[in-house]
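Beneath this line is the structure, given in structure tokens, with notes to follow.
Values reported hereafter were calculated over all heavy atoms of this structure, with side chains retained and with hydrogens, waters and symmetry mates removed.
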Amino acid sequence: MEVEPRRADGSGGAEITRLCRTLVPLAAAGKYAEAASTYRWVTRASAGDPLRYGDHALRLEFCALTGNEHTGVDLLSLLDGVGDHADAVDRLEFFTSAALLTRRLTETGYGEIPFVLNGPYDGVPLDRLHQRMRAAALVEAEELDERDRNGYFTAYAERKMAANPVAEFVPLLPSALPRVPIAPPPGLSAEELVIRAEIHNHRCEPEEARACLSAIETVPDEIVPRLTELRAIFFQGDDTEERLRDAAAGFRRQNDEIRFLLNQCWLGLWLVFDDQAETGVALTTVAAARLRAGTDDRAACWGEYWLAHVLSGQGRTSEAYEALRRGAVRAREAGDPLLHGTLLCLEASLRNGDGEDPVATLDLARAATDAFIVGNVGEKAVEAVEQVRIAYERTGALDELDIFVEHMLSTLPVGGPERLRGHLRHLRALSLIGTGRFAEAVDDAYASLGVAASKGKDTAEHWYVLVTALHGAGRYDDVLDVAPRTIALLTASPDWAHRCRWMYADSYRALGESSRAFDEYAVLAEILQDSGDTGHSYISVSMAAAEQLDLLGYGANAADFYAKAADAASAIGGGYVAATCRNAATLSRLRSGDLDAALTALDAAETAVHAVETETAPVREHLAAQLDHVAAHVLSAAGRVREAARRALRAAETFHRIGEAESARDVDLLLEQILLGEQK
């Protein structure tokens, strides 16, 4: 027996399509909240139905035209099957919307980003994917036009692929923020773009740097070495060493000694990475020493930074610390907060990794954080705060970490790094969840996810924390909106994925969606079983699945799940749980109308209950009374009234004696029905 989830089909499918068609008009009319609510509803209603390509195309179009391009990328995973879809118009719609979405991504600077979802287009840069989607759409349109020869579909596709946004940004979740464009401003010269890329490099903003480099077309001779070096760093491959050496030769020709030496520092690091440790260490050491002896303070500091990286990788940590200290002193004297913080943060990171004194490490990490706040460098500030967190955790001073986070949030200046503010709220959400204050954690979890996602820095942990906060706060409807994406992101973290899938199923249960709840419980039970995890999690999930099947009226199937849970519990010595499951399985068999199966199940329950010896006397008495209660139901249905009455009377007496008044009242009512001949 397979229980189908409750999906919209037939008239329900028509309703999904109708609502999908309202998405863009709602946004165009400025009805953002209604548009977002509708988008969430149709996303949930069409979950698990990849063949609704026309509807998915409308969702793609909505994402492309409302500043939600990166949300729409997930839908592109459906490209794997669209070419085989039977409906030509749906194929056209999907390819056209995919071309529109990838065009918008390219326009905002993400064209060089590879498409990383599974399928035939995996690894294809988004700008190239746009070209493919556009070509596929025009092929479909031309084939459709051949029937009527009026050019309608080609004109339609061209118009749709060229559409402009109807709204700057429609937030699909609370606290959602628009994705920050990484494309540089238009009209910049090649040299200005190279300068911006160098700044992004120092600020730890690689995607922005790549966008600047990709925007360069004509390259003046004087910046060729700098551009060659940057492209070697940000687009690494088999020829990285060759390109770095080409850049070095260019700096030599230009008599640019500082850039040549910095290049040698980076080249040395690359050689160490490329298993040429001796050569790499020597190259970086010499270059850093020459920079140190020079008058360019910033260049000397970067030399110390790369030297520390190389030395620490060879286990020469004391020398690495010395290089970082020299650099930090010089950076402070030069008044460069970005460089000063970078050197302090690297030392804190190395000390945390080496297990050095956490108190001294805290001082370094906090000073680095302060420097990055002064420099308004969000990504590096987050990195520094992570070193603070690690140091506090190493000392076991989590209360002090909470105080630090609250202090930082209360003192972070207006206009300060929003990435840092979002990360601090993420840490506060974790703390609140850890103390059971789920409702208070929700706003922080939403806000931290919104800030991180706006920079493309949202992780599986952000989503998992949000699901956990929402579920703990009883906001089950919201869980259904965010859990599917979270589960998809947690493939590398099975424990979190299992927990998240359980919260997803439990939310359906709490909302009375028994069919969908069973689906998710059953999927999780199968995943756990396939992975060899048939312990406590598998048992509880199987029991939860059985409860939903009982509510749906599938008693026999519920009994099967209870029996699986009982077997698993017995295998790990959980006699009490096994006996409870056997009792529940007996009632499920009875509800299914199979009296013989119920009597057989009752025998198994008797054996399981009497086998429990390790529990305390009250627990054993509870199980015995539970068994008598179940037996009374089954025996009464079998017409064995005297036996049923005796078992019911014994159950009632036991429940009264051990103080379970509510259970005793239930059995008293059953006994009355048996004696009056109303229970069969």
Side-chain angles (χ1 to χ4, degrees), residues 43 47-48 50 70-80 110 113-126 129 173 179 204 206-207 210 236 273 349 352-353 379 382-383 385-387 389-390 393 419 422-423 425-427 429-430 433-434 441 445-446 448-472 479-507 519-538 540-541:
T43 298
H70 292 270
T71 298
V73 168
D74 287 348
L75 282 167
L76 293 180
S77 62
L78 299 171
L79 282 168
D80 194 11
Y110 293 91
I113 306 299
F115 178 62
V116 294
L117 296 176
N118 293 330
Y121 301 98
D122 196 31
V124 177
L126 288 169
L129 184 62
L173 292 174
R179 188 66 167 255
C204 196
E207 299 302 340
R210 291 189 186 98
Q236 295 175 10
F273 169 78
S349 175
N352 270 328
E379 293 304 324
V382 169
E383 182 183 342
V385 166
E386 275 300 284
Q387 298 309 317
R389 179 188 62 79
I390 293 168
E393 288 179 351
R419 266 287 281 148
H423 187 64
R425 295 193 71 174
H426 175 70
L427 293 178
L430 284 171
I433 289 171
Y446 266 128
S448 64
L449 172 62
V451 172
S454 73
K455 295 281 287 182
K457 303 293 183 179
D458 53 313
T459 64
E461 182 174 321
H462 285 103
W463 289 85
Y464 179 76
V465 166
L466 176 58
V467 172
T468 304
L470 290 169
H471 181 267
V479 171
L480 301 185
D481 288 330
V482 296
R485 174 166 175 75
T486 308
I487 293 167
L489 290 170
L490 287 169
T491 53
S493 305
D495 289 344
W496 282 10
H498 298 162
R499 171 70 182 172
C500 187
R501 196 176 284 277
W502 178 84
M503 289 187 285
Y504 187 42
D506 189 65
S507 295
D519 279 351
E520 297 304 325
Y521 284 132
V523 167
L524 179 53
E526 184 176 355
I527 290 171
L528 291 169
Q529 188 173 36
D530 289 346
S531 67
D533 182 0
T534 53
H536 296 289
S537 295
Y538 173 79
S540 63
V541 169

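The closest side-chain heavy-atom distance from Q387 to I390 is below 4.5 Å. At least one side-chain heavy atom of E461 sits less than 4.5 Å from a side-chain heavy atom of L430. H423 is listed as a side-chain neighbour of E386, based on a closest heavy-atom distance under 4.5 Å. In this structure, the side chains of R501 and I527 come closer than 4.5 Å at one or more pairs of heavy atoms.
For the atom pair L129 CG and I113 CD1, the distance stands at 13.0 Å (nearest 0.5 Å). With rounding to the nearest 0.5 angstrom, the CD1 atom of I487 is 6.5 Å from the OH atom of Y504. Here E379 contributes atom CD and K455 contributes atom NZ; the two are 5.5 Å apart, rounded to the nearest 0.5 Å. Here CD of E520 is found 10.5 Å from OG of S507. Values are rounded to the nearest 0.5 Å. The CG atom of L489 lies 11.5 Å from the CH2 atom of W496; values are rounded to the nearest 0.5 Å. Considering CH2 of W502 and CG of L528, their distance stands at 13.0 Å, rounded to 0.5 Å.
The shortest non-hydrogen separation linking Y521 to V541 is O-CG1, 3.1 Å. Closest of all the heavy-atom pairs between G123 and P114 is O-CB, 3.8 Å. When all heavy atoms of A429 and A445 are compared, the pair lying nearest together is CB-N, 4.0 Å. Closest non-hydrogen pair, Y110 versus L126, comes out as O-CD1, 3.5 Å. Annotation for A483 and C500: closest pair O-SG, 4.1 Å, computed over non-hydrogen atoms. H498 approaches L524 most closely through the heavy-atom pair O-CD2, 3.6 Å.
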Working note: V385 + H426, criterion side-chain contact (heavy atoms from CB on, under 4.5 Å); need CA distance, chi angles, decisive distance, verdict.
CA-CA 12 Å; V385 166; H426 175 70; over 6 Å; no
Checking side-chain contact (heavy atoms from CB on, under 4.5 Å) for the pair L449/V482: CA distance, chi angles, key distance, verdict?
CA-CA 11 Å; L449 172 62; V482 296; 5.8 Å; no
Please step through side-chain contact (heavy atoms from CB on, under 4.5 Å) for the pair R499 and L490, ending with a clear verdict.
CA-CA 10 Å; R499 171 70 182 172; L490 287 169; over 6 Å; no
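The side chain to side chain contact (heavy atoms under 4.5 Å, CB included) test with V479 singles out one residue from L466, V467, T486, and that residue is V467.
More than 12 heavy-atom neighbours from other residues, nucleotides or ligands sit within 6.0 angstrom of CD on E393.
The backbone N or O of T459 lies less than 3.5 Å from a partner atom in the side chain of H462, making a donor-acceptor pair.
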